[in-house]
Every structure is written in C-alpha cells, then in structure tokens.
Amino acid sequence: MVSKELRVNRQRLQSTLQEMAKIGATPGGGVQRLTLSDEDKQARDLFVKWLKELDLEVAIDEMGSIFGKRAGKNNDLAPVMSGSHIDSQPKGGRFDGILGVMGPLEVLRTLDENNIQTERPIIIVDWTNEEGSRFAPAMVASGVWAGALDRDWVYGRTDINGKRFEDELIRIGYKGPVPAKKWPVHGYYEYHIEQGPLLEREGKIIGAPRGILCLHWYDVYLEGEANQVGPTPMAGRHDALCAAAEMILKVNELPERMGGNMVATVGEIQNYPNSRNIIPDKVHFTVDIRSWDDDHALKAWELVRRDFENIAAGRGCPIKIEETWRVEHSPFDEKMVQRILDIAQELGYSSLHMVSGAGHDASYMNQVCPTAMIFVPSIGGRSHVEVENTRWEDCEAGANVLLQAILQSANEK
Ligand code: GLV
Ligand code: MN
Ligand code: MN
C-alpha cells in the first residue's frame, strides 16, 4: 500500500536539478561533467553541502563515492540504498545520472519535512565514474565496492592525456578514507531516465526494467606505416586508418550476422598523426557489445575478432587487442521489480516492464543485494547528448515511485 498523501515536491526537485545543471553547462543546453574534472568536484561539493543540510552522516570512500546515511529506528538492520552518478558524458545531458542522485535527495527531504522515521537506515549514494568515457571502463566505483573490480587496477587507468585515475581523485580532494568494500544492503533502487524510445513510444510514464544487458568493452590498437601521401603509391601502403575503417563496418554488421538480439558499436577513435597528408600509422578504437545473452555476445566477439585479424594481416598492420571489461547481464530482483510496477499502478501512473540497454551501477549492486530500477521517459529517446530531456512531471512521477519504494523497503523488519 502506498502512503496516501505523501508526495515529493516537484518544484524543489526541479530547481535542485536546474541548480546542478548549471555546473558544467554547455552552450547546447547540456552538461559536461567528466569524471574527476573540476566540474565533477564542484557538483560533488554542492551535493555534500545538501547532504549536510539534512544532517546525514556523510562518508567518502577510497574510490571517491559519496554516501549520505539517514538513521533508522533500528540501525542494526541493513540499510536501503539509492543513488546513481554525478559525472556525465562529454557534451552529455542534464538528467543522465544526476536524476538518480537528486531523486533520492528529494525523497529524504520529503521524509524529513514530514517527520517520517523508517525502521531501517537509508543511504543515498553518488558512485564515481559511472560513464567510463574519460577513464574506461564504466561503473568502476560500484564495481570495486561490490568486489568485482580491483581497486589498484582502476587507480592506474589513464585518460587520453595520460592522467591517472587515482591522481585525479586526489587532485579534486575526493580520495576518501573509507574502504571501498561492500556492506550488507537490504535493497538498492536506482532512479534513471530511460535513455531510449520505448516509454515514449508506448505512451507510458514509469519503466520497470527486469534487468540490464551485458556490457563487453574492447580496445583495438593498430600500427601502420606513416609516409607522405603524395609520392607514396597506393599499392603497398600500410594504412592503419583504412584497416580500422574496414573493422568498424564489420562491428556495425555484426548484430545482423548474429541474427539480432544484440547491439555493437564503435564510439571512439584516435588516429595518428592525424594529418591530412600523412598516411596514418597508429589508430586506437573501442568496441562495445551488449546483449541479454552473454554467450551470444561472446560468440559475436570471437567472430569479429577473427575478422579483425584477417583485415590486419591483409593490410600489413599489426594489431593489439585489449579485452578491457565485461559485466554480465543483470536480472533484477523480481519482487522489487514487481513492487515498482505495483506502486506505479497505485499512484495512477502507466508503466512498462522492459529491459535496460544502458549500463548502470545497479548492475554491480545487483551482485550484492536485491536491486531494481525506475525509469522515466526520455523525450525523443535521446540521451548522452545535449538535447537529452525529460518532462518535469515525469521526473516528479519517478521520484514519487522511488519515495514509496524506499519507504516500503525501509520499513521491512
Ligand atoms: C552508460 O552510460 C552506458 O554506457 O550505458
Ligand atoms: Mn547514467
Ligand atoms: Mn550515461
């Protein structure tokens, strides 16, 4: 049963999100708050200030994740957790991640002003580096916290300028003292924009994903032979960029060759020396493969990997491949997913049982505790872009579902 009268404050949620959207605002209406950048620090500082205004117990762990704990009546009981991420894509949107941090903040503000105490403690969390666009891979802080990734391996990851993750964490003052090690959690809810077109297409307000696709990331490095483009005949060239171009198309064709049930993308490429009149001698590009079926994704990789090797040999361009990251598909806790659907119905919001194609920290949390997510529609299905948008009334609807879900879980004895 939902609490009849209790609702979040839409105006306050909206102005909180608008305040955050000023940090790293881009001319195109989005935000750029790359992980461990000055903008990330500024947004973290504001978040910590807001946590302290609620008298929460604030803790920063050695991965820079920020936790705010609200005491329960019985603090020996495992807490309910909810959160997401403050970092963004380059030229990203105003909702991805931050909605899932400001949403639970609004929930805690609502509980406070209504003098509501729960049985269990509630912890709100901002996970460091969910996006993985500055430092690959993604979701590293929840990954280390869950015991799935090695802290020192993540510390040593570098960005495109050779800056180390750990050094940047220290530079912005967020390498905290708390070990990044899981503790017992009663349940984790992550509130997020859908980032795809389904809810809008189906005319639904609340999405309840049954889980998240697997994510497999690879890095490909090619070597060629640089030379002056004019005098060098076409025959006998070792053009690393042409080899990459052929490989990229193989990735694009892969889902069709595999009979569907997956997506495959090359999203990032660096070409050297990147001069119009030099044959490229060094290329790096990334491959992202996702499916609900982990084996299917692995088989697809083996297929395209053989293509890569053949293309590299044919063009005389030595290839090096790094299998950077794999996270298995995550089927969420069915009872918690059903709870989201039930609450949506009780509150009068239409809903959709679906799947998340985007990765979330909920993947790693799902390895630690019962987990579910709440989605709200992305206008035009657009995300990871400056025009990413969600209607304020939908943000409010999702936050109301989150409020009731947290309350129900936090009052379970
Ligand atoms: C995370 O943003 C992802 O890549 O899905
Ligand atoms: Mn996100
Ligand atoms: Mn994202």
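Hydrogens, waters and symmetry mates are skipped; everything else that's a heavy atom, side chains included, is used. In what follows, residues are counted from 1 in the order of the sequence shown. Read the numbers this way: they start at 1 and go in the same order the structure lists the ligands and their atoms.
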Quiz item: Does a salt bridge link E309 with R305, judged by any charged N lying under 4.0 Å from a carboxylate O?
Solution: yes

Note: R10-E106 ion pair, threshold 4.0 Å (strictly below):
no

Worksheet item: Any ion pair linking R134 and D159 (charged N to carboxylate O, less than 4.0 Å)?
Response: yes

| task | State, with a plain yes or no, whether a side-chain heavy atom of Y155 is found less than 4.5 Å away from one of K175. | result | yes

Below 6.0 angstrom between ring centroids: does that apply to F375 and H360?
-> yes

Does ligand 1 have any N/O pairs with the protein under 3.5 Å, and how far apart?
residue: ligand 1; atom: 2 (O); partner: E131; partner atom: OE1; Å: 3.0
residue: ligand 1; atom: 2 (O); partner: H384; partner atom: NE2; Å: 3.2
residue: ligand 1; atom: 4 (O); partner: R290; partner atom: NH2; Å: 2.7
residue: ligand 1; atom: 5 (O); partner: R290; partner atom: NH1; Å: 2.8
residue: ligand 1; atom: 5 (O); partner: R290; partner atom: NH2; Å: 3.4
residue: ligand 1; atom: 5 (O); partner: G359; partner atom: N; Å: 2.7

Those residues at least two apart in sequence (or on a different chain) that pass side-chain hydrogen bond (donor to acceptor under 3.5 Å, both in side chains) with Q32 are none

Ionic contact status for R164 with E166, cut-off 4.0 Å = yes

Residue set satisfying salt bridge (charged side-chain N to carboxylate O under 4.0 Å, His left out) with R210, at least two apart, ordered chain then number -> none

Charged N to carboxylate O under 4.0 angstrom, K163 versus D167?
-> no

The protein N, O or S atoms lying under 2.8 Å from the Mn ion (ligand 2) are H85 NE2, D96 OD1, H192 NE2

